[in-house]
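Just below is one structure, and these are the notes that go with it.
So that the names make sense, note that chain A is the first sequence line, chain B the second, and so on, each numbered from 1.
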Number of protein chains: 2
Amino acid sequence: MNIKDLAQHLGLSIGTVSRALNAKPDVNPKTRQRVLDAAVELGYSANTSGRSLRRGSTQTVAFVLETGQADVRGGDNFFMRIIDAMQDALSAQGYDLIILPSNSASDPTEFIKRTIARGIADAIIVTATRAQDSRIELLLKSHMPFLAFGRSQIAGDYAWIDLDFEGFLRQSMQQLVALGHRRIAVTAPPSTSNIGVLLHETYAATCAQLGLDHDPSLVIPAEHSEFGGSAVTQSILAMDDPVTALILNYEMMAFGAYSALRDAGLSPGKDLSIVTLRRSKQLRFLEPAVTACAIDLEGLGTQIARETLRVIRGESPNAALVWPAKLVVSDSIQAPPARA
Amino acid sequence: MNIKDLAQHLGLSIGTVSRALNAKPDVNPKTRQRVLDAAVELGYSANTSGRSLRRGSTQTVAFVLETGQADVRGGDNFFMRIIDAMQDALSAQGYDLIILPSNSASDPTEFIKRTIARGIADAIIVTATRAQDSRIELLLKSHMPFLAFGRSQIAGDYAWIDLDFEGFLRQSMQQLVALGHRRIAVTAPPSTSNIGVLLHETYAATCAQLGLDHDPSLVIPAEHSEFGGSAVTQSILAMDDPVTALILNYEMMAFGAYSALRDAGLSPGKDLSIVTLRRSKQLRFLEPAVTACAIDLEGLGTQIARETLRVIRGESPNAALVWPAKLVVSDSIQAPPARA
DNA sequence: CTAGGTATCGTAAACGTTTACGGAGGTCGG
DNA sequence: CCGACCTCCGTAAACGTTTACGATACCTAG
């Protein structure tokens, strides 16, 4: 079912049919309607290869999902909810969204290079960004329109959007200090990563602001998993100078933290206050309810789509965008226990 | 960076360059190597549109992910692990994998129709199949190579692969009966769905086989979520004639079941035996450890990829394939409590 | 030495679209 | 009544590949 078949069936030339389908001006309204009717009747859709070859654009946005990342595997499908919203926003503008799984077996940078060269999409969205991210350097050098979901330390004029880790940590610490906590631990990725740096800086600044002693060793590296949560909790319980609150930068760690506390005969909230980054469906089954941020994932998805389209169209995009996270307090944070 | 640029840079014609890149016979081994070296040096990859337009095939498999389904949202990224393995198996054969998110906003059948017409992939994999699935009818009618991940009641010659729900239920009931259970409940989707029908039939057959009274009302419809798990548990606890074991056909329901039992002052395993479909990472934090099936998701992914390639190549595929699920017994099933 | 064969490469057509350009017919003002 | 303009449509080139076919140079057997 080509455009040629469609044209023959209508007794028209393919040029006219194409113009009719693409709403070009110089075609008789009556014939245009005839063409449109025949198209839906015969189930014609323009062949993607032919169209994008001629147009030089694919009308497609590629979302590169690093499937090996812990953040993808855990959680209540964080990414799927974002992608759903992106899909809606993009298709409203005539764009398609495809997800490209980049697994750990292949080099992420090579994957991006190949994706650019193949010309499969008009823009690329990269996730799981790192501080020194060669994918971003590559995208900048190749002048490929792209958006980074997650910040990086690569200099240059490009758009990125990320969650408000800073606001999350600041709000958490404020709440905890208001309850009387003085020694607060927070998990972080290794300090070489950009999130790690950000959390360290924010921790120091907030300590100063709230009048806490700043002990950098309380920013504790932890694996992004349930097991990371239990490991960091155990290490905290073994400390000489007791910590009374723990802030987790990945929500699934809460499962590990709760179970480590129970194994030690302690109860979350009462013996150790727990805060985690994002409210997710699974967390609702933890008792007491865990204090976490409400993050509008659907809004985030549409925002990502919008920014990406602006990059494609060459409009000056919001170069840096921090997506708000609003802390919702529950019973997992309480006043610190009386000193033994 | 066209093939033309590459050819000019090498002082060759584009025909020769193309033949060299595609390992065609009539090209000098020395020039071939020269071409390959220049290609990696200049970062050349064949433009997808041009190639697939000429070839008539895209060397791409599209995995249509129904992002609105509960099974996608829950779990420890069931699909991502499958997709990872598919990716490896497909790229080893020179194929690419793209994921097409089909969200609830659009009609799934229209989405498939458009995907076919656009000619974006050589084969389509559909998920979240239903008993009467118009997508499968459409794919059959259009002669598009496809594979259904999940069974359906649509007649026709097509390949599908699905988890072994039947074996799961049979193994679970055998174990439970061996422990002394006589009244066993099992959750199921509405009986109009194919899984619902399958579970009903298997339940009846296994009851007969094991000498249990067959009470069809013990196949209980339940929502595929944590809340579905707690709802069904509560309804069981309210029964006059007590049920001593509960089999959950979706793993995340275990969270709900455990918390409902705790709320009633009961303990899982001791007061009510619990079995669930799949071992997932999150479940490890439930106490006692929940009895569930080990399912080789990576193997499943490679199998899906293999079958899809066979469909594309017109080789007779394994039309129907049930992927094994092996029950791993833990402390969540125990002998039934003495009758009060 | 020549005819035929082989190895290697260039040429050009084709895939399905879009779009600049031109042409035929009709309308209208002078 | 005639030239100018507008409306509508067909023609053909172009996008980047692949591949059938032909061409050249070289080699070998007779």
Phosphate OP1/OP2 of dT17(C): any Tyr44(A) side-chain N/O under 4.0 Å: yes

Residue Asn2(A), side-chain atoms from C-beta onward, closest of dG16(D), dC8(D), dT17(C): dT17(C)

Kindly say whether, by distance alone, the side chain of Arg54(A) makes a donor-acceptor pair under 3.5 Å with the base of dT18(C)? yes

Look at the side chain of Val27(A) and decide which nucleotide, out of dC9(D), dT17(D), dC8(D), has an atom nearest to it. dC9(D)

Does Ser52(A) make a side-chain N or O approach to OP1 or OP2 of dC15(D) shorter than 4.0 Å? no

Report the relative orientation of the aromatic rings in Phe63(A) and Phe79(A); use parallel for angles under 30°, tilted for 30 to 60°, perpendicular for over 60°. perpendicular

Mapping Ile14(A) and Arg32(A) onto DNA chain D by nearest heavy atom, which one lands closer to the 5' end? Arg32(A)

Candidates Leu321(A), Ile154(A), Val322(A) - the one meeting side-chain contact (heavy atoms from CB on, under 4.5 Å) with Trp160(A): Val322(A)

Using a cut-off of strictly less than 4.0 Å, decide whether Ser13(A) has a side-chain nitrogen or oxygen near OP1 or OP2 of dG10(D). yes

In sequence, state the C-alpha distance, the side-chain angles, and the governing distance for Ile120(A) and Ile98(A), and then conclude on side chain to side chain contact (heavy atoms under 4.5 Å, CB included). CA-CA 10 Å; Ile120(A) 204 178; Ile98(A) 65 176; 4.3 Å; yes

Rounded to the nearest Å, what distance is computed from the CG atom of residue Leu53(A) to the C1' atom of nucleotide dA14(C)? 12 Å

Would you state whether a donor and an acceptor, one from the side chain of Arg19(B) and one from the base of dG10(C), lie under 3.5 Å apart? yes

Grab the CE-P distance between Met1(A) and dG16(C) for me, whole Å please. 12 Å

d(CG, Leu21(A); C1', dT17(C)) in whole Å: 11 Å

Asp133(B) vs Arg130(B), salt bridge (Lys or Arg N to Asp or Glu O under 4.0 Å): CA-CA, chis, key distance, verdict: CA-CA 5 Å; Asp133(B) 203 315; Arg130(B) 292 179 299 278; 3.8 Å; yes

To the nearest angstrom, the CG-P distance between Asn28(B) and dC27(D) comes to 13 Å

N/O (side chain, Asn47(B)) to phosphate O (OP1/OP2, dT17(D)) under 4.0 Å: no

Among Lys141(B), Met144(B), His143(B), which residue meets the side-chain contact (heavy atoms from CB on, under 4.5 Å) test with Ile116(B)? Met144(B)

Side-chain donor/acceptor of Asp26(A) to base of dC9(D), under 3.5 Å: yes

Would you say a side-chain N or O of Lys24(A) is under 4.0 Å from OP1 or OP2 of dT19(C)? yes

Could you check how far CZ of Arg55(A) sits from P of dA20(C), rounded to whole Å? 13 Å

Short side-chain N/O contact from Arg51(A) to OP1 or OP2 of dT18(C), under 4.0 Å: yes

For Ile3(B) and dC15(D), what is the distance between atoms CD1 and C1' respectively, to the nearest whole Å? 14 Å

Taken to the nearest whole Å, CD/Gln59(A) to C1'/dG16(C) is 17 Å

Under 4.0 Å: is that the gap between some side-chain N or O of Thr16(B) and OP1 or OP2 of dG10(C)? yes

